[in-house]
Protein chains: 2
Amino acid sequence: MVATRLSDVAARAGVSVKTVSNVINDYPHITPATRAKVEAAIAELGYTPNVSARSLRKGRSDFIALAIPEMASPYFAELGAAISRAAKKRGITVLIDQTEGEPAAEQFVLDGMRGQLIDGIIFSPITTAPTKITVADDGKPLLLLGERQPGGAVDHVAVDSVQASFDATNHLISLGRTRIAAVGVGGGAGTGAVRRKGYRKALKAAGLPIDPALEIDGTGYHREDGAAAMRDLLALPSPPDAVFCFNDLLALGALRALADAGLSVPGDVAVVGFDDIEDGRYHSPSLTTISPDLDWLADKAVTLLLDRIAGTGPPERLDLSVPYTLQIRESTTG
Amino acid sequence: MVATRLSDVAARAGVSVKTVSNVINDYPHITPATRAKVEAAIAELGYTPNVSARSLRKGRSDFIALAIPEMASPYFAELGAAISRAAKKRGITVLIDQTEGEPAAEQFVLDGMRGQLIDGIIFSPITTAPTKITVADDGKPLLLLGERQPGGAVDHVAVDSVQASFDATNHLISLGRTRIAAVGVGGGAGTGAVRRKGYRKALKAAGLPIDPALEIDGTGYHREDGAAAMRDLLALPSPPDAVFCFNDLLALGALRALADAGLSVPGDVAVVGFDDIEDGRYHSPSLTTISPDLDWLADKAVTLLLDRIAGTGPPERLDLSVPYTLQIRESTTG
DNA sequence: CTGAAAGCGCTTACAG
DNA sequence: CTGAAAGCGCTTACAG
């Protein structure tokens with residue numbers, strides 16, 4: 001596009017290209033006078049560096065990829081916004097890649113997205129089992145979001161889902177509920193299994209029975225899955241008096257099904273979600289949910305990935321636990 | 001990263017680099033035998049082209065930017081997903097840039113996002129007035145989403161907001177409502193003004209009075225703005241019996257405020273939105289709204305922008321009108 | 001502190 | 001149909 005090159009700036013400022021490059025890259029040992037001359041020339045010519053040339057030479061693009069199942073899903077949209085913001089602060093651009101949960105797309109990510117102009121990858125898998133995740137030796141730095149891979153070789157940043165699910169279930173128990181359903185046990189990449197673990201743990205701790213009829217698959221984690229799950233639960237001989245949905249979309253779908261059935265929330269059935277997306281906060285009734293600190297997550301994930309890219313990260317793989325709170329709202333306390 | 005270069009492939013296949021390049025770029029006049037040899041070498045070495053080098057040489061990156069106010073807002077998240085998908089089909093990668101409605105960020109976009117590795121820009125402004133939008137002569141191709149700029153020099157793809165707002169308001173009139181409020185008249189980049197135009201037009205056509213007290217600013221277009229607007233409307237000496245909100249988030253906020261006030265929808269107040277985001281479809285009551293065809297929008301926007309980049313677009317600036325439907329749901333018909 | 005030159009990995013005229 | 005070579009615009013040893 002613009003024809004201005006580094007050498008044009010150098011000519012105009014009366015210095016060598018090396019000097020201009022030094023100024024642009026903020027290297028030391030430039031006299032203020034030289035710097036001023038160069039900066040004036042840059043301004044006059046409206047020069048901007050050619051990113052392709054720089055990447056080619058340096059072997060770094062200052063781009064990272066964020067691979068998520070779908071950006072239109074509110075949790076991932078909010079996550080993407082947080083990560084983009086955190087990266088921008090560090091001069092890094094985020095490329096968002098939608099895998100749509102397709103195994104081939106997820107494998108492409110695990111293979112380092114070869115040919116893509118990126119220095120590293122933040123990946124939220126949904127199809128690939130955590131145990132299947134390994135990094136190629138010649139691959140780009142990879143950081144995983146979501147459920148943990150015990151003993152894996154990849155950095156992780158995630159909420160402690162077992163503990164959070166225990167807390168969510170326990171909240172329902174503390175309200176005196178005894179038939180507590182779980183929706184989303186079939187969730188991908190280990191999510192369903194891990195959250196069910198916390199759910200069952202809370203039931204056991206309270207001396208409540210575990211009833212497989214109350215554990216619903218809910219694969220897909222969308223509103224329609226939550227609504228369908230709730231309809232199934234209401235059709236049971238003895239329906240639940242509370243539901244822990246493994247994400248907020250499932251919970252919002254469940255609330256819709258409860259409204260359709262003419263039941264009151266939390267009077268007849270209390271509902272808890274997971275994620276704290278904005279929809280849930282404004283919904284009527286507002287949704288009790290697990291609220292992870294997305295800004296914390298984004299900051300740590302970007303920082304750690306950039307450390308890996310720079311080769312300055314710790315020698316061992318890291319497993320960071322995202323702070324969260326249980327937000328108690330109308331769907332459990334009226 | 002990977003050390004394999006074009007010349008390595010050429011050496012392995014026993015041909016020149018030119019031939020390998022020809023195979024990769026699908027140029028004609030390659031014998032099937034040569035092609036097979038080259039493809040075998042590529043597969044054996046796991047070769048992938050270096051994108052920086054290619055961009056530097058060709059002066060094209062096959063990246064386009066999508067500049068939107070915020071990707072966590074459901075409408076923009078859904079728009080971003082649709083545009084990413086449409087671009088991917090054509091081998092183009094979309095870079096999402098969040099302006100957060102900041103004037104400086106929007107100006108940066110209008111200046112062609114200099115220094116960014118992109119061939120063109122799809123831009124949804126929110127702060128910059130449509131009349132202020134012009135393109136630099138040396139700038140990259142730019143395509144605008146949102147309200148029209150009459151007589152401007154930039155391609156546009158947008159819903160006919162006047163007509164759509166007329167339809168939405170008319171739907172409320174046809175239900176016998178007579179005090180119809182409008183929320184969002186202060187919306188950025190002309191949106192509020194244009195939608196109010198359609199709203200007023202419908203009132204006039206029906207012989208209903210225009211009451212400025214029923215036109216609420218609603219700037220921000222988020223749920224909280226809709227809730228605040230609704231509370232203001234309910235505090236009027238004679239509150240409205242219907243509300244046309246200029247986007248779905250405003251409408252969802254209004255529904256929340258109506259629920260808090262113990263009013264029934266649509267019994268006491270009917271509500272219409274604009275955008276057809278997924279939240280509205282599952283909300284209880286589900287939201288009557290204007291539903292633009294986002295896949296149509298994404299396809300046309302990407303195609304037209306790529307034509308501009310290639311220099312094959314029509315000589316005149318284009319103004320494409322996105323098909324839409326009025327989705328009638330519970331918030332107006334119970 | 002600065003200059004001249006090589007080279008990152010491609011694509012593309014230019015010859016053959 | 002293929003080969004040898006130039007050049008896209010940077011950064012970075014290497015000299016001075």
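Convention: sequence-line order gives letters A, B, ...; per-chain numbering from 1.
When the P atom of dT11(D) is taken as reference, atom CG of D62(A) falls 11 Å away, rounded to whole Å. We find that CG of D8(B) is positioned 11 Å from C1' of dG9(C), with the value rounded to whole Å. Rounding to whole angstrom units, CZ of residue R60(B) and P of dC10(C) are separated by 18 Å.
Taking E70(B) as the reference, nothing meets the salt bridge (charged side-chain N to carboxylate O under 4.0 Å, His left out) condition, with sequence neighbours excluded. With sequence neighbours excluded, no residue satisfies side chain to side chain contact (heavy atoms under 4.5 Å, CB included) with A158(A). Take D293(B) and apply the salt bridge (charged side-chain N to carboxylate O under 4.0 Å, His left out) test, not counting sequence neighbours, and it matches no residue. Remark: E102(A) pairs with no residue by the salt bridge (charged side-chain N to carboxylate O under 4.0 Å, His left out) rule, at least two apart or across chains. When the side chain to side chain contact (heavy atoms under 4.5 Å, CB included) test is applied to R54(B), the partners found at least two apart in sequence or on another chain are I24(B), N25(B), P49(B), K58(B). Not counting sequence neighbours, the partners of T191(B) by the side chain to side chain contact (heavy atoms under 4.5 Å, CB included) test are E147(B), R195(B), Y221(B).
S61(B) contributes no side-chain N or O that, together with a main-chain N or O of S55(B), makes up a donor-acceptor pair within less than 3.5 Å. Judged purely by atom type and a 3.5 angstrom limit, D119(B) uses its side chain to pair as donor or acceptor with the backbone of D62(B).
With C1' as the reference atom, dT12(C) and dG16(C) are 16 Å apart, rounded to whole Å.
The residue among S7(A) and P32(B) whose nearest nucleotide of DNA chain D is located toward the 5' end is P32(B).
Pairs passing the salt bridge (Lys or Arg N to Asp or Glu O under 4.0 Å) check and including a residue from residues 80-90 of chain A, sequence neighbours excluded, read R85(A)-D295(A), R85(A)-E100(B), K88(A)-D97(B), R90(A)-D299(A). Among residue pairs with one or both ends in residues 301-311 of chain B, those qualifying as salt bridge (Lys or Arg N to Asp or Glu O under 4.0 Å) are D155(B)-R308(B); sequence neighbours excluded.
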Distances for protein N/O vs nucleotides 2-5 of chain D N/O pairs under 3.5 angstrom?
residue	atom	partner	partner atom	Å
dT2(D)	OP1	T34(B)	OG1	3.3
dG3(D)	OP2	S16(B)	N	2.4
dG3(D)	OP2	S16(B)	OG	2.9

Check the interface with nucleotides 6-8 of chain C: list each N/O to N/O pair with the protein under 3.5 Å, or write none.
residue	atom	partner	partner atom	Å
dG7(C)	N2	R57(A)	NH1	3.4

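The side chain of S21(B) contributes no N or O atom lying less than 4.0 Å from OP1 or OP2 of dC10(C).
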Give the table of side-chain donor-acceptor pairs shorter than 3.5 Å for residues 72-84 of chain B, with sequence neighbours excluded, one pair per line with atom names and distance.
residue	atom	partner	partner atom	Å
E78(B)	OE2	E278(B)	N	3.2
S84(B)	OG	G80(B)	O	3.0

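Every stem involving DNA chain D, taken as at least 3 paired positions in a row under the Watson-Crick or G-U wobble test at 3.5 Å, is listed here: C:1-3 with D:14-16, C:5-12 with D:5-12, C:14-16 with D:1-3.
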